[in-house]
Amino acid sequence: RRRNVANVGDDRESKAQKALESLKRFDVYTKVDEDYVQKSQAGGAVTMVTSIILALLFWVELREFCTVDVAHSITVDTRIKQKLAIGLNITFPRLRCNEISVDTVDASGDNQVNIHGGLEKVSLNGKGLVIPDQAPKEGQCLSCMEGKDEEHKCCNTCEDLRDAYVAKDLPYAHLLDTAEQCKDIIGCRVQGRVVVNKVSGNVHVALGRSTIRDGRHVHEFNMMDVSDGFNTSHEIHEITFGDHLPGLISPLDGTRKIVKHGAFMFHYYVKLVPTMFTSRDGWDIYSNQYSATDSARNVQVRSGELSGLPGVFFVYDFSPFLMRKTELVKPWSYIFTSSCAIIGGVFSIAKLVELAITGFIGRLFSCHPGIVSKV
């Protein structure tokens, strides 16, 4: 019985060896005995160059693998009850904040006059620096000058002084550079966000105090205050229509307009393209890209006469199409297959180059240069 068990074990081992031996028939990677291997200086040089090329190609491919592609597609925009948040950051170096009003008007008839809340007007000095709000000192009572009456006895701020003159329908522009309340205030910065309906409309910064009268949007001002012109020079630091999108370019950012004389009306015509951005993590951002054109004209026909309202107007309209931007990441199989292709291709080309160099040198010198045989 013991002999039979041993014979059975030997038979199993021999069958396993035969099975392993049969695998050699499928071997496509032939081996050369080390005794027949030859090395040369040309082969060493090609190997060094090949290694450098492999490292460079692998680095380039790794950077490509880490790069996120963005796929673009266009569909019809079906979002109707959507609000639009307009972000503004504009400096008027020669207009005081109490001389202008920030308003919105849209096609649905919804008007916002002298906007507050998310939007603020900041006073600037002659150097463009912000002037902090200074609360009047206790017991202080600065003169309202010609605007003094029972209602306006003390005018401790430039706004108070302006209101007193407006209440009596008096021009006040000549006081701005001399009155103690106003002489340090030269410019104004408008910054913040205003939310409007998703319909065509405009947001503007213009002369006078705005109001709604008989269902119409009206700007009230004294013509004598603009007899010498109304300097609407401005610089657009930033303007956005919706949330920030990665890679979004804002064409109007950095725009600067200088007025040397007269009273100019600036129009920026903005075409909004609704955009849905989908990140690689799956979260969505709905915003707007835009293109813009502009025009400007002097509306001061002559002293005391205007053919339009001086100011800066952003007139926007919506495209009916929705642009979709989707971030695409490459799978791990990409870097694996690319690496295999690089290694295989480079070594194949390197082998051909090495054979060509060795053959050329051998024919040139009628020998096989630099061969070291292993004995």
Side-chain angles (χ1 to χ4, degrees), residues 84-106 110-124 128 130-131 158-159 162 166 172-173 176 182 185-196 200-212 216-223 225-226 229-241 250-260 262-270 272 290 292-300 306-317:
L84 173 64
I86 303 176
L88 297 174
N89 189 348
I90 308 174
T91 294
F92 295 88
R94 290 295 179 267
L95 286 182
R96 294 167 175 83
C97 292
N98 56 19
E99 296 180 90
I100 56 178
S101 176
V102 185
D103 316 303
T104 67
V105 180
D106 64 34
D110 186 9
N111 298 337
Q112 300 182 54
V113 297
N114 200 18
I115 302 170
H116 296 289
L119 206 64
E120 63 176 346
K121 294 185 288 187
V122 181
S123 297
L124 306 175
V130 176
I131 299 176
C158 190
E159 183 73 19
R162 176 184 180 276
V166 170
Y172 62 90
L176 297 178
C182 304
I185 302 174
I186 304 298
C188 181
R189 178 178 299 154
V190 177
Q191 59 187 20
R193 291 164 69 92
V194 55
V195 179
V196 298
S200 301
N202 75 78
V203 54
H204 58 264
V205 182
L207 165 67
R209 176 174 297 178
S210 58
T211 185
I212 302 297
R216 301 181 63 182
H217 188 90
V218 178
H219 282 254
E220 299 176 340
F221 57 91
N222 192 316
M223 186 62 71
D225 292 330
V226 292
F230 188 73
N231 195 331
T232 51
S233 299
H234 61 278
E235 181 178 0
I236 303 174
H237 304 291
E238 183 182 24
I239 181 169
T240 59
F241 296 88
S250 183
L252 291 179
D253 289 0
T255 300
R256 176 181 292 181
K257 302 290 185 179
I258 304 297
V259 176
K260 296 183 179 180
F264 272 76
M265 173 188 286
F266 292 94
H267 277 93
Y268 294 94
Y269 299 97
V270 180
L272 299 176
Y290 72 90
T293 57
D294 66 276
S295 66
R297 68 185 181 96
N298 187 358
V299 296
Q300 187 174 26
L306 298 176
S307 62
L309 181 65
V312 179
F313 295 75
F314 297 94
V315 183
Y316 54 87
D317 191 14

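Just so it is clear, the values below take in all heavy atoms, side chains as well, and ignore hydrogens, waters and symmetry mates.
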Q: Check whether the side chains of Ser101 and Arg209 place a donor and an acceptor atom closer than 3.5 Å, and report yes or no.
A: no
Q | Heavy-atom donor-acceptor pair, Thr232 side chain to Gly311 backbone, under 3.5 Å | A | no
Q. Side chains of Asp317 and Ser200: donor-acceptor distance under 3.5 Å anywhere?
A. yes
Q) Can you tell me how far the CG atom of Asn89 sits from the CD atom of Gln191, to the nearest 0.5 Å? A) 5.5 Å
Q) Of the non-hydrogen atoms in Ile100 and Cys188, which two are nearest, and what is the gap between them? A) CD1-SG, 4.2 Å
**Q.** Any donor-acceptor pair under 3.5 Å from Arg94 side chain to Ser233 backbone
**A.** no
Q) Would you say the side chain of Lys121 lies within less than 4.5 Å of the side chain of Val205, judging by non-hydrogen atoms? A) no
Q: Enter the distance from Glu220:CD to Ser210:OG here, rounded to the nearest 0.5 Å.
A: 9.0 Å
**Q.** Minimal non-hydrogen separation, Leu95 against Asn231, with atom names
**A.** CG-O, 3.0 Å
Q.
Determine whether a donor-acceptor pair (N or O, by modelled atom type, separation under 3.5 Å) exists between the side chain of Ser250 and the backbone of Ile239.
A. yes
Q) What's the spacing between Thr240 OG1 and Ile86 CD1 if we round to 0.5 Å? A) 8.5 Å
Q) Does Leu124 reach the side chain of Val130, with side-chain heavy atoms less than 4.5 Å apart? A) yes
**Q.** Candidate pair Val312 and Phe92, rule side-chain contact (heavy atoms from CB on, under 4.5 Å), full reasoning
**A.** CA-CA 10 Å; Val312 179; Phe92 295 88; 3.7 Å; yes
Q: Kindly give the heavy-atom pair with the smallest separation between Phe264 and Val259, and that separation in Å.
A: CD1-CG1, 3.6 Å
(Q) Please find the pair of heavy atoms, one from Arg193 and one from Gly87, that lie closest to each other, and give the distance. (A) CG-CA, 4.0 Å
Q: Find out whether Asp253 and His237 are in side-chain contact, i.e. whether some heavy atom of one side chain is under 4.5 Å from a heavy atom of the other.
A: no
Q: Would you sort out whether Asp294 and Phe266 count as a side-chain contact (heavy atoms from CB on, under 4.5 Å), showing the intermediate values?
A: CA-CA 7 Å; Asp294 66 276; Phe266 292 94; over 6 Å; no
Q | Closest contact, heavy atoms only, Asn111 versus Asp106 | A | OD1-N, 4.1 Å
**Q.** By ring-ring contact (aromatic ring centres under 6.0 Å, His included) - contacts of Tyr316 (at least two apart)
**A.** none
Q) Distance-only, no hydrogens or angles: does the Asn298 side chain make a donor-acceptor pair with backbone N or O of Ala263 under 3.5 Å? A) yes
**Q.** Ring centers of Phe221, His219 separated by less than 6.0 Å
**A.** no
Q. Quick one: does Gln112's side chain have a donor or acceptor within less than 3.5 Å of a partner on Val196's backbone?
A. no
Q: Please list, chain by chain and in numerical order, all residues satisfying side-chain contact (heavy atoms from CB on, under 4.5 Å) with Thr255, sequence neighbours excluded.
A: Ile236, Leu252, Lys257, Tyr268
Q.
I'd like to know whether CZ of Arg256 has more than 12 heavy-atom contacts from other residues, nucleotides or ligands below 6.0 angstrom.
A. no
Q: Can you see which heavy atom on Gln300 is nearest to which on Leu306, and at what distance?
A: CA-CD2, 3.8 Å
Q.
The test is side-chain contact (heavy atoms from CB on, under 4.5 Å); show your working for Leu309 and Val299 and say whether it passes.
A. CA-CA 7 Å; Leu309 181 65; Val299 296; over 6 Å; no
Q. How far does CD1 of Ile115 sit from OG1 of Thr104, to the nearest 0.5 angstrom?
A. 4.5 Å
